[in-house]
Amino acid sequence: MSTVSTSAARSRIESLLDPNSFVEIGGLISARATDFNLKQIDTPSDGVITGYGVINDNLVYVYSQDASVLGGTVGEMHAKKIADLYDKAMKMGAPVIGLIDSAGLRLQEATDALNGFGEIYLKQSMASGVIPQITAIFGNCGGGLAIVPALSDFTFMEKKGAHLFVNAPNALDGNSKDKCDTSDAKFQTEESGLADFAEDEQEIFAKIRELVAFLPANNEEEAEEIASEDSLNRACASIEAGYKDAALAFSDIADDNAFLEVKAGYGKEMVIGFIRLNGLTVGCVGNRSVIYDEEGKEAETLDEVLSVNGSVKAAEFINFCDAFSIPVLSLTNVKGFTACKCSEKRIARAISKLTYAFANASVPKVNVILKEAYGSAYVAMNSKALGCDVTFAWEDAQIGTMDSKIAAKIMYDGQGADVINDKAKEYAALQNSAMSAAKRGYVDYIIAPADTRKYVIGAFEMLYSKREDRPAKKHGTV
């Protein structure tokens, strides 16, 4: 008979899933290797508990590494159990959730363990874009195991005890853990962007359940519709006051003001996450130049630009939404690109990824231009030119190549201030206003800020049955 583990690994599964819903698979499996005295060591479940259960009555597959068994290290049978779990999840079209707590590769099994890593990578690669993959890290996740969360769609880290790294902090030239802990949750959520959320253990379970509720079970199904009593015509009374922080604006627009932000600490100039509109899941991408604290005061100011990190995080998010047929709403308020020597190394490539993601996505796409939309940065932010289906602009939005005063100074260089001011007003009316953009077909509707919710919902309802053919190709290369 198998020994029922009371380890943290099993407790985590029970905390995550609906009560009494977990069914274990492969509980009798143990290590086959016998080298280096492994034969004399009891390895229940070979250090990983696998099975299925439900979250809010929706089927999910779960594996949870057991650090009490050989440190939760990955050996041949350990990896085989995870790979087999992926096979079952793919057949059933259900998400896979991995709970990581491992010392890494099992040295006693060497090449068998390495091959096991490869088998897991392959299953994750095949599952990408087919079923959602979520990883949560509670202990160590180092070396080759760090590729697992990188291949996942969303990654959570326990903010005190989790460590995620390819090379340990002390192994980096000129660094030590005391100087900069490159493995902790703060670094991985704010600096590398590999992790999406940093929470304590119980908050992680609650957040995963919330995230799963937003997502479809697979790429052939739609996300579950959640009924809401929120009026479709509700005015967004405060949206204009907080427009510089897209997170606040998305909350104002959303059913019941519920917005789940993803990667909040990384690439802060860009906001991504999920809301529901009339009960349906919508992916959100928006610019941010101010972060407000809990009292509504400005806690941090940012440039009104597209940054490298913000653009890449948005591009990856749009690709996810497109893969799972989740409509995309963008809020545009941007003047240009980050301008510094460090950024210049990567900015063009980053913007190309954002541009490609918006242009390539075939899901319904709606854009709202809030206040300022200038230059190529505006074009990259889901403009009509990239295939946006419906574009709204607030009444006083400015849309053009640059600020009208700057344009006037360039065109009328050397002339007096009165001339420049007059020409700036003329330029703003003829070239930069929402009305001038609408007359050229670049804006579909000019709306009052307070009416944003009802117009956006109406647009997505109209686009619900959208079908769009693309050129035949194996895949893009951007």
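Numbering starts at 1 and runs along the sequence shown. What you see is a predicted model; the values in this text were computed from it and never measured.
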Yes or no on salt bridge (Lys or Arg N to Asp or Glu O under 4.0 Å) for K384 and D444, after CA distance, side-chain angles and deciding distance? CA-CA 9 Å; K384 292 283 284 187; D444 296 303; 2.9 Å; yes
Check against side-chain hydrogen bond (donor to acceptor under 3.5 Å, both in side chains), Y86 and Q133: CA-CA 10 Å; Y86 264 90; Q133 300 178 66; 2.7 Å; yes
Using the salt bridge (Lys or Arg N to Asp or Glu O under 4.0 Å) rule, take K207 and E203 through it: C-alpha gap first, then chi angles, then the decisive distance, then the call. CA-CA 6 Å; K207 209 72 139 183; E203 287 173 340; over 6 Å; no
Verify side-chain contact (heavy atoms from CB on, under 4.5 Å) between F460 and V328, making sure each step is shown before the conclusion. CA-CA 9 Å; F460 279 123; V328 174; over 6 Å; no
Audit row: S152, T135, side-chain hydrogen bond (donor to acceptor under 3.5 Å, both in side chains) steps and yes/no: CA-CA 6 Å; S152 300; T135 301; 2.6 Å; yes
Carefully, step by step, assess E261 and R288 under the rule salt bridge (Lys or Arg N to Asp or Glu O under 4.0 Å). CA-CA 13 Å; E261 186 173 0; R288 174 165 51 196; 3.2 Å; yes
Worked check of side-chain hydrogen bond (donor to acceptor under 3.5 Å, both in side chains) between S231 and N233: CA-CA 5 Å; S231 171; N233 297 315; 4.9 Å; no
Given D303 and K268, is the salt bridge (Lys or Arg N to Asp or Glu O under 4.0 Å) satisfied, shown in steps? CA-CA 10 Å; D303 293 331; K268 295 179 181 180; over 6 Å; no
May I have the step-by-step check of side-chain contact (heavy atoms from CB on, under 4.5 Å) for Q124 and I147, ending in yes or no? CA-CA 10 Å; Q124 286 192 273; I147 297 173; 5.8 Å; no
Step by step, would you call V334 with T332 a side-chain contact (heavy atoms from CB on, under 4.5 Å)? CA-CA 6 Å; V334 65; T332 299; 4.0 Å; yes
Yes or no on ring pair (Phe, Tyr, Trp, His ring centres under 6.0 Å) for F154 and F197, after CA distance, side-chain angles and deciding distance? CA-CA 8 Å; F154 301 97; F197 303 92; 7.2 Å; no
Can you check side-chain contact (heavy atoms from CB on, under 4.5 Å) on F320 and V262, steps first, answer last? CA-CA 12 Å; F320 173 85; V262 177; over 6 Å; no
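Within 6.0 Å of the CD atom in E344, the count of heavy atoms belonging to other residues, nucleotides or ligands does not exceed 12. Within a 6.0 Å sphere centred on NZ of K466, heavy atoms belonging to other residues, nucleotides or ligands number more than 12. Around the CG atom of D293, the shell of radius 6.0 Å holds more than 12 heavy atoms that belong to other residues, nucleotides or ligands. Other residues, nucleotides and ligands contribute at most 12 non-hydrogen atoms within 6.0 Å of the OH atom of Y445. Atom CZ of F259 has more than 12 heavy atoms from other residues, nucleotides or ligands within 6.0 Å.
Nearest heavy atoms, A397 versus A393: CB-CB, 4.2 Å. Residues S102 and L145 come closest through the heavy atom pair CB-CD2, 3.5 Å. Closest approach of L164 and P149 over heavy atoms only: CD1-CG, 3.7 Å. Residues V443 and I399 share a closest heavy-atom pair of CG2-CD1, 3.7 Å. Scanning both residues, L248 and G242, for their nearest heavy atoms gives CB-O, 4.1 Å. Of all heavy-atom pairs between D230 and A254, the closest is OD2-O, 3.5 Å.
Under a 3.5 Å cut-off, the side chain of T281 and the backbone N or O of A223 do not form any donor-acceptor pair. A donor-acceptor pair is defined here as one N or O able to donate and one able to accept, closer than 3.5 Å; such a pair exists between the side chain of R234 and the backbone of D252. A distance-only check finds a donor-acceptor pair linking the side chain of S11 to the backbone of S7 [under 3.5 Å]. Side-chain atoms of D396 never come within 3.5 Å of backbone atoms of K371 as a donor-acceptor pair (strictly under, hydrogens ignored). A distance-only check finds a donor-acceptor pair linking the side chain of N218 to the backbone of E220 [under 3.5 Å]. The closest donor-acceptor contact from the side chain of D181 to the backbone of K177 lies at 3.5 Å or more, if one exists at all. A donor-acceptor pair under 3.5 Å is formed between the side chain of D18 and the backbone N or O of D57. For S436 (side chain) and S433 (main-chain N/O), a donor-acceptor pair under 3.5 Å exists by modelled atom type. Judged purely by atom type and a 3.5 angstrom limit, N219 has no side-chain atom pairing as donor or acceptor with the backbone of A323. A donor-acceptor pair is defined here as one N or O able to donate and one able to accept, closer than 3.5 Å; no such pair exists between the side chain of D245 and the backbone of I291.
Considering CG of L329 and NZ of K365, their distance stands at 13.0 Å, rounded to 0.5 Å. Taking SG of C141 as the reference point, atom CE of M157 lies at 8.0 Å (rounded to 0.5 Å). Atom CG of L17 and atom OH of Y52 lie 12.0 Å apart (nearest 0.5 Å). Here S128 contributes atom OG and D153 contributes atom CG; the two are 6.0 Å apart, rounded to the nearest 0.5 Å. Between the CD atom of E14 and the OG atom of S21 there is a distance of 9.5 Å, given to the nearest 0.5 Å. With values rounded to the nearest 0.5 angstrom, I13 atom CD1 is found 5.0 Å from I49 atom CD1.
Proximity of I318 to L354: side-chain heavy atoms (C-beta onward) are separated by under 4.5 Å at one or more points. Residues Q188 and I137 form no side-chain contact, since every pair of their non-hydrogen atoms from C-beta on lies 4.5 Å or further apart. Within the 4.5 Å cutoff, the side chain of F358 has heavy atoms near those of the V285 side chain. Proximity of K263 to F317: side-chain heavy atoms (C-beta onward) are nowhere separated by under 4.5 Å. R470 is listed as a side-chain neighbour of S362, based on a closest heavy-atom distance under 4.5 Å. Taking 4.5 Å as the limit, every side-chain heavy atom of P449 sits out of range of all side-chain heavy atoms of Y243. Proximity of N170 to S176: side-chain heavy atoms (C-beta onward) are separated by under 4.5 Å at one or more points. Using a 4.5 Å heavy-atom threshold, the side chains of M381 and N367 count as separate.
Ring centroids of F138 and F205 are separated by less than 6.0 Å, placing the two rings close together.
Here the rule is side chain to side chain donor-acceptor pair (under 3.5 Å) with Y266, and of N309, D196, T189 only N309 fits it.
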